[in-house]
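Below, read A as the first sequence line, B as the second, and so on, with proteins coming before strands; counting in each chain starts at 1. Atom set for the values below is all heavy atoms of this structure, side chains included, hydrogens, waters and symmetry mates excluded.
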2 protein chains.
Amino acid sequence: MKTREKIILTSLELFNEQGERNVTTNHIAAHLGISPGNLYYHFRNKSDIIYDIFQEYEKLVDYYLDIPTDRPLTVDDMMGYLESVFDGLWSYRFFHRDLEFLLDNDQRLREDYRKFTYRCLDAIRRIFDGLRDGGVFHDQSEELKEAMALNVWLVITHWMAFLKSAQPSDSGSDSIRPEQLKEGIYQVLTLEMPYLREPYRDQVMALRAQYRPSVMAKKAVNG
Amino acid sequence: MKTREKIILTSLELFNEQGERNVTTNHIAAHLGISPGNLYYHFRNKSDIIYDIFQEYEKLVDYYLDIPTDRPLTVDDMMGYLESVFDGLWSYRFFHRDLEFLLDNDQRLREDYRKFTYRCLDAIRRIFDGLRDGGVFHDQSEELKEAMALNVWLVITHWMAFLKSAQPSDSGSDSIRPEQLKEGIYQVLTLEMPYLREPYRDQVMALRAQYRPSVMAKKAVNG
DNA sequence: CTATTATTAGAGTATATGCTCTAGCCCGTC
DNA sequence: GACGGGCTAGAGCATATACTCTAATAATAG
């Protein structure tokens, strides 16, 4: 494998494990067993590494959210989108974690991310439309679909942050498991619940039950 | 005013404007016109300043979310809670911005914040119950109330992050206005909409309309 | 007034971090 | 086998950051 690729992979791995803020370029080089000079031969600076990773993430999600317009959508389609998006979220989970700082320090990234966000919101709306055409969703006003899409986006992109903040202190820094992340699907389906038509409603509710967050079972100690 | 208090106030101000990550203890001291030594006479370290600020935030929100149990709740109560919570969010907006890093670097804060989260989730559920008793909400299963409360929490605590990430690059670093933050109320009411009873439903929808996010009007350029 | 304590100034330190610079190695080509 | 460009090592720099140390100054009590 080319050194450039290795840098990307290792950076992503370390960022995901420890957070971008806690991973220096020297760490990345050391972890790879290469010199800092070598790393900087392949990338002008740290931002470029992050930007590269973002573009891969973007490509992946755009691929996932390529919604067919020539046919209505099914419950299976919907679950597929959810599973895919949360998979992507897991693979690039560092990104949403340090998002604000990253955007503040790279205008290019800020602009691209903004467009990315609106593309995703649009895709969510198109999924709603497809599901309505498939008889899964009730028809709703454009305004409501827009607000709903935004709420879905908020839940999806920040579920990870919630999980991490609700973790007890004694667990390690990288203790969230992919299955826990998937529990965000439960929350998204909770949002959609009131807008589902029978008989799909019961079907989706049954699927939803499988993702029930484990945090909910636990009772918090309010000392 | 005591120096200690001044340090807290200035820190909060600078953190809110520039983000905790971008504000050093030397900046705080310089901004106050005092020496670093003086600052460190009053606080052992930066974490202690942040922890102090968090405790004030906690106190404020706990005060806002002191839900009466001896009477049902009205639509006005609900709107009052929303307005208050978003006010608090605005005053301490730096906090949710750099949350993950802050929690990673202060176990004490992590533990307190975890409990704080669960207290808030509990308060949201009790608001739901109060509104049900007041005839504003339909009755729902405990499971649904729990999931709903969590979604409300996610939207409230991350609305700010969304706004900042959706800002175009040409706006300043502290360009979000409090009215924009309040638009999060629209999103929360969107969540609650399906569970409202007539005649309150129409009333709430009318109130909701006043908070409609301006971002929604804009069309994004997907270059 | 004096002794003690609380507060403040400000130079300075240890460490980290992103990044640079120069020299040299590897490897394919003529 | 010599040449040259792609690649790599690694010492080291400029800057920043959280924090310390000493000495001096205010405030307060006896």
Side-chain angles (χ1 to χ4, degrees), chain A residues 1-54 94-95 97-98 100-110 173, chain B residues 1-54 94-95 97-98 100-110 173:
Chain A
M1 197 189 305
K2 295 275 183 200
T3 304
R4 196 188 151 90
E5 278 180 72
K6 282 198 273 186
I7 293 172
I8 290 290
L9 283 178
T10 299
S11 300
L12 178 56
E13 183 191 329
L14 293 179
F15 288 163
N16 277 338
E17 279 170 9
Q18 301 167 40
E20 180 272 341
R21 187 172 182 170
N22 300 316
V23 177
T24 73
T25 48
N26 288 358
H27 287 152
I28 298 167
H31 194 267
L32 270 168
I34 67 171
S35 63
N38 192 354
L39 187 147
Y40 278 92
Y41 173 78
H42 292 282
F43 290 92
R44 267 195 14 256
N45 51 43
K46 196 182 176 186
S47 279
D48 274 11
I49 300 177
I50 293 162
Y51 188 64
D52 223 88
I53 294 177
F54 167 69
F94 88 94
F95 190 71
R97 179 175 173 181
D98 285 314
E100 300 219 30
F101 182 81
L102 298 179
L103 298 187
D104 274 352
N105 285 283
D106 191 338
Q107 291 306 311
R108 193 181 38 165
L109 186 64
R110 171 177 289 281
S173 65
Chain B
M1 196 190 305
K2 296 274 183 200
T3 303
R4 197 190 151 89
E5 278 179 73
K6 283 198 272 188
I7 293 171
I8 291 289
L9 282 179
T10 299
S11 299
L12 178 56
E13 185 191 329
L14 294 178
F15 288 163
N16 278 338
E17 278 169 10
Q18 301 167 38
E20 179 272 341
R21 186 171 182 172
N22 300 316
V23 177
T24 73
T25 48
N26 287 0
H27 287 153
I28 298 166
H31 194 267
L32 269 168
I34 67 172
S35 64
N38 193 355
L39 187 146
Y40 278 92
Y41 171 78
H42 292 283
F43 290 93
R44 268 193 16 256
N45 51 43
K46 198 182 175 186
S47 279
D48 274 10
I49 300 177
I50 293 162
Y51 188 64
D52 223 88
I53 295 177
F54 166 69
F94 88 94
F95 189 72
R97 180 174 173 182
D98 287 312
E100 299 219 30
F101 182 80
L102 298 179
L103 297 188
D104 274 351
N105 285 283
D106 191 339
Q107 291 306 312
R108 189 181 40 162
L109 186 64
R110 171 176 289 282
S173 66

### Task
Output yes when a side-chain donor or acceptor of B/His27 lies under 3.5 Å from a complementary backbone atom of B/Thr24, and no otherwise.
yes

### Query
Just by modelled atom types, is the B/Leu102 backbone N or O under 3.5 Å from a matching donor or acceptor in the B/Asp106 side chain?
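Checking the backbone N and O of B/Leu102 against the side chain of B/Asp106, no donor-acceptor pair under 3.5 Å is found.
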
Side-chain N or O of [X] versus OP1/OP2 of [N]: is the shortest distance under 4.0 Å?
{"X": "A/Asn38", "N": "D/dA9", "result": "yes"}
{"X": "A/His42", "N": "D/dT8", "result": "yes"}
{"X": "A/Ser35", "N": "D/dG10", "result": "no"}
{"X": "A/Tyr41", "N": "D/dC7", "result": "yes"}
{"X": "A/Thr3", "N": "D/dT8", "result": "yes"}
{"X": "A/Thr25", "N": "C/dG18", "result": "yes"}

Rounded to whole angstrom units, what separation is found between the [atom1] atom of [X] and the [atom2] atom of [N]?
{"X": "A/Ile7", "N": "D/dC7", "atom1": "CD1", "atom2": "P", "value": "11 Å"}
{"X": "A/Ile28", "N": "C/dC19", "atom1": "CD1", "atom2": "C1'", "value": "13 Å"}
{"X": "B/Leu39", "N": "D/dC19", "atom1": "CG", "atom2": "P", "value": "10 Å"}
{"X": "A/Leu32", "N": "D/dG10", "atom1": "CG", "atom2": "C1'", "value": "16 Å"}
{"X": "B/Arg21", "N": "D/dA16", "atom1": "CZ", "atom2": "C1'", "value": "13 Å"}
{"X": "B/Tyr40", "N": "D/dA18", "atom1": "OH", "atom2": "P", "value": "6 Å"}
{"X": "B/Asn105", "N": "D/dC19", "atom1": "CG", "atom2": "P", "value": "10 Å"}
{"X": "B/Lys46", "N": "C/dT15", "atom1": "NZ", "atom2": "P", "value": "20 Å"}

### Task
Quick one: sort the B/Phe94 and B/Phe15 rings into parallel, tilted or perpendicular, breaks at 30° and 60°.
tilted

### Query
Which part of the nucleic acid does B/Ile34 contact within heavy-atom distance under 4.0 Å: base, sugar-phosphate only, or nothing?
sugar-phosphate

### Candidate list B/Asn16, B/Ile49, B/Leu32, B/Ile50, test side chain to side chain contact (heavy atoms under 4.5 Å, CB included), partner B/Ser11, passing option
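Filter result, single survivor: B/Ile49.
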
### Message
I want to verify a distance call: between D/dT17, C/dG18, D/dC19, whose nearest atom is closest to the A/Asn26 side chain?
### Response
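Nearest nucleotide to the side chain: C/dG18.
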
### Task
Compare every heavy atom of A/Val23 with every heavy atom of A/Leu14, then report the nearest pair and how far apart it is.
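Closest approach of A/Leu14 to A/Val23, heavy atoms only: O-CG2, 3.5 Å.
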
